[in-house]
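Here the structure is laid out as structure tokens; the discussion comes afterwards.
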Amino acid sequence: MEDHRQVVRRQFRKQAHRFEGKGLTLSSQEYLQWMADNLDLQPHFDVLDVAAGTGLLSRAMAPHVARVVALDLTPEMLLQGRSQAKHDGLTNIVFVQGLAEDLPYPNDSFNRVVSRFSIHHFEDPQIQVKEMVRVCRPGGKVAIIDLVSPDDGTLAATYNRLERLRDPSHTRALLAGELRSVMQTAGLEIVHTVSREVEVNVTRWMDLTAPGPKMWRTILEELTEELKGGRITGMRPFMRDNELMFIQTWVIVVGVKR
Ligand SMILES: C[S@@+](CC[C@H](N)C(=O)[O-])C[C@H]1O[C@@H](n2cnc3c(N)ncnc32)[C@H](O)[C@@H]1O
């Protein structure tokens with residue numbers, strides 16, 4: 001069986017050059033600002049961004065802290081990030097290739113450890129979250145930002161199946177409560193949770209991962225079926241200006257390492 005990391009690498013090697021494309025919710029400055037505002041950053045902080053990709057969040061945080069380490073498994077994502085940081089004149093970010101499950105840092109190294117949109121790519125996120133807590137300083141905070149599944153179990157299964165058809169490196173978006181439990185089990189005291197509903201353009205969302213035509217068709221058929229009153233997918237599809245859209249729920253959960 002293919003190692004899940006290989007699936008991730010292949011997927012993000014493919015996405016790297018279009019990851020920051022116009023009109024994607026991922027690169028929305030409004031959402032990035034909202035995230036940075038919820039991380040309680042201070043100018044002297046050392047921050048680790050785990051599974052940082054091209055460092056979109058790293059770059060949003062960099063002006064507010066002393067240093068950001070952007071760590072990711074996929075070199076092509078890091079390459080894009082490095083060149084964008086240079087273009088933006090940001091000199092306090094370092095891009096490092098590494099694994100979220102085996103962070104190359106001693107215990108208690110960072111004031112903040114953050115990770116955005118990574119949990120739903122891990123097979124057992126407890127492992128990576130525990131590792132994030134290990135490298136966070138006592139009194140420091142770990143913040144996880146991710147999409148979450150609908151609370152209803154059947155809808156959550158359909159929702160995740162469609163996400164996996166679009167991107168085979170997607171494992172499962174947790175329920176908001178599950179995410180909090182994973183963080184608590186890893187030793188964090190949850191101090192802050194916020195969420196927002198994010199409208200996603202289906203064509204742009206699929207263009208990023210470029211699934212095969214069969215996957216495209218299945219996803220479109222199921223969403224269109226729901227619009228016509230058919231089976232509910234958990235994606236909450238709707239039409240706006242003749243474009244098919246759906247709604248994701250994004251959460252930010254912040255915990256303190258005591
Ligand atoms: C959806 S992207 C998010 C990138 C970035 N955090 C952001 O929000 O813009 C997921 C990233 O997780 C990385 N990733 C997935 N599994 C990983 C692992 N086990 N260790 C390190 N990085 C990983 C992928 O290479 C990819 O860049």
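The first residue in the sequence is number 1, and the count goes up from there.
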Please check if [X] and [Y] belong to a single hydrophobic cluster, counting links between Ile, Leu, Val, Met, Phe, Trp and Tyr side chain heavy atoms closer than 4.5 Å.
X: Ile93; Y: Val96; value: no
X: Val202; Y: Ile247; value: no
X: Trp34; Y: Leu56; value: yes
X: Leu179; Y: Leu188; value: yes
X: Leu174; Y: Val113; value: yes

What are the two closest heavy atoms between [X] and [Y], and how far apart are they?
X: Leu39; Y: Val114; result: CD1-CG1, 4.0 Å
X: Ala62; Y: Asn92; result: O-ND2, 2.9 Å
X: Pro237; Y: Leu227; result: O-CD2, 3.5 Å
X: Ala36; Y: Leu41; result: O-CD1, 4.0 Å

Over 12 non-hydrogen atoms of neighbours within 6.0 angstrom of CG in Leu208: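 Yes.
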NE2/His44: more than 12 non-hydrogen atoms of other groups inside 6.0 Å: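 Yes, the 6.0 Å shell around NE2 holds more than 12 heavy atoms from other groups.
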Applying side chain to side chain contact (heavy atoms under 4.5 Å, CB included), name anything that partners [X], two or more places apart in sequence or on another chain.
X: Ser118; result: Ala51, Ser115, Phe122
X: Gln11; result: Lys14, Gln15, Asp167, Pro168, Ser169, Thr209
X: Asn111; result: Phe45, Asp46, Arg137

What distance do [X] atom [atom1] and [Y] atom [atom2] have between them, rounded to the nearest 0.5 Å?
X: Leu32; Y: Ile145; atom1: CG; atom2: CD1; value: 8.5 Å
X: Ile144; Y: Arg116; atom1: CD1; atom2: CZ; value: 13.0 Å
X: Leu103; Y: Lys130; atom1: CG; atom2: NZ; value: 12.5 Å
X: Met215; Y: Ile219; atom1: CE; atom2: CD1; value: 8.5 Å
X: Leu57; Y: Phe117; atom1: CG; atom2: CZ; value: 9.0 Å
X: Glu225; Y: Leu223; atom1: CD; atom2: CG; value: 10.5 Å

side-chain hydrogen bond (donor to acceptor under 3.5 Å, both in side chains) partners of His4, counting only residues at least two apart: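 Expected list: none.
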Residues in side-chain hydrogen bond (donor to acceptor under 3.5 Å, both in side chains) contact with Trp250, at least two apart in sequence or another chain: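 Partners of Trp250 by the side-chain hydrogen bond (donor to acceptor under 3.5 Å, both in side chains) criterion, ordered by chain and then number, come out as Gln248.
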N/O donor-acceptor pairs under 3.5 Å from side chains in residues 68-79, not counting sequence neighbours:
| from | atom 1 | to | atom 2 | distance (Å) |
| --- | --- | --- | --- | --- |
| Asp72 | OD1 | Thr74 | N | 2.8 |
| Asp72 | OD2 | Ala52 | N | 3.3 |
| Asp72 | OD2 | Gly53 | N | 2.7 |

Donor + acceptor pair across side chains of Glu123, Thr171 (<3.5 Å):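 Side-chain D/A pair, Glu123 to Thr171: absent.
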Test side-chain contact (heavy atoms from CB on, under 4.5 Å) applied to Glu131 and Glu101, step by step: CA-CA 6 Å; Glu131 188 60 355; Glu101 48 274 29; 5.8 Å; no
Are side-chain heavy atoms of [X] and [Y] found at a separation under 4.5 Å?
X: Tyr31; Y: Leu26; result: no
X: Met235; Y: Val200; result: no
X: Asp49; Y: Phe95; result: no
X: Arg166; Y: Leu162; result: no
X: Val65; Y: Val47; result: yes
X: Glu199; Y: Thr25; result: no
X: Met183; Y: Ile190; result: yes
X: Thr193; Y: Arg180; result: yes

Donor-acceptor contact below 3.5 Å, side chain Gln128 vs main chain Ala100: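 Not a single qualifying donor-acceptor pair exists.
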Side-chain (Asn201) to main-chain (Gly23) donor-acceptor, under 3.5 angstrom: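 Judged by distance alone, no pair lies under 3.5 Å.
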Stepwise side-chain contact (heavy atoms from CB on, under 4.5 Å) test for Leu48 and Val135: CA-CA 9 Å; Leu48 175 65; Val135 301; 3.8 Å; yes
Residue pairs fulfilling salt bridge (Lys or Arg N to Asp or Glu O under 4.0 Å) with at least one residue in residues 242-252, sequence neighbours excluded: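 Counting only pairs at least two positions apart or across chains, no salt bridge (Lys or Arg N to Asp or Glu O under 4.0 Å) contact touches residues 242-252.
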Salt bridge (Lys or Arg N to Asp or Glu O under 4.0 Å) pairs, two or more places apart, involving residues 18-45: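 Qualifying pairs: Glu20-Arg59, Glu30-Arg196, Asp40-Arg112, Asp40-Lys141.
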Intermediate values then yes/no, side chain to side chain donor-acceptor pair (under 3.5 Å), Thr249 and Arg236: CA-CA 10 Å; Thr249 304; Arg236 294 175 285 170; 2.8 Å; yes
Test side-chain contact (heavy atoms from CB on, under 4.5 Å) applied to Phe238 and Arg240, step by step: CA-CA 7 Å; Phe238 67 100; Arg240 195 172 52 214; 4.2 Å; yes
Please report, to 0.1 Å, the donor-acceptor pairs under 3.5 Å made by any side chain of residues 251-258, with sequence neighbours excluded.
| from | atom 1 | to | atom 2 | distance (Å) |
| --- | --- | --- | --- | --- |
| Lys257 | NZ | Asp108 | OD1 | 2.8 |
| Lys257 | NZ | Val133 | O | 2.9 |
| Lys257 | NZ | Arg134 | O | 3.2 |
| Lys257 | NZ | Cys136 | O | 2.7 |
| Arg258 | NE | Glu189 | OE1 | 2.6 |
| Arg258 | NH2 | Glu189 | OE1 | 3.1 |
| Arg258 | NH2 | Glu189 | OE2 | 3.2 |

Counterpart residues, ring-ring contact (aromatic ring centres under 6.0 Å, His included), relative to Phe246 (two or more places apart):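 So Phe246 forms a ring-ring contact (aromatic ring centres under 6.0 Å, His included) with Trp205.
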Set of residues satisfying ring-ring contact (aromatic ring centres under 6.0 Å, His included) with respect to Phe110, sequence neighbours excluded: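 With sequence neighbours excluded, Phe110 shows a ring-ring contact (aromatic ring centres under 6.0 Å, His included) to Tyr105, given in chain and number order.
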Pair His121-Phe12, side-chain contact (heavy atoms from CB on, under 4.5 Å): steps then yes or no: CA-CA 11 Å; His121 294 288; Phe12 286 97; 3.6 Å; yes
Donor-acceptor pairs under 3.5 Å, side chain of residues 154-161 to any protein atom, not counting sequence neighbours: which ones?
| from | atom 1 | to | atom 2 | distance (Å) |
| --- | --- | --- | --- | --- |
| Thr158 | OG1 | Thr154 | O | 3.2 |
| Tyr159 | OH | Glu163 | OE2 | 3.0 |
| Asn160 | OD1 | His170 | NE2 | 2.8 |
| Asn160 | OD1 | Ala173 | N | 2.8 |
| Asn160 | ND2 | Ser149 | OG | 2.9 |
| Asn160 | ND2 | Ala156 | O | 2.9 |
| Arg161 | NH1 | Glu222 | OE2 | 3.0 |
| Arg161 | NH2 | Glu222 | OE1 | 2.9 |
| Arg161 | NH2 | Glu222 | OE2 | 3.4 |

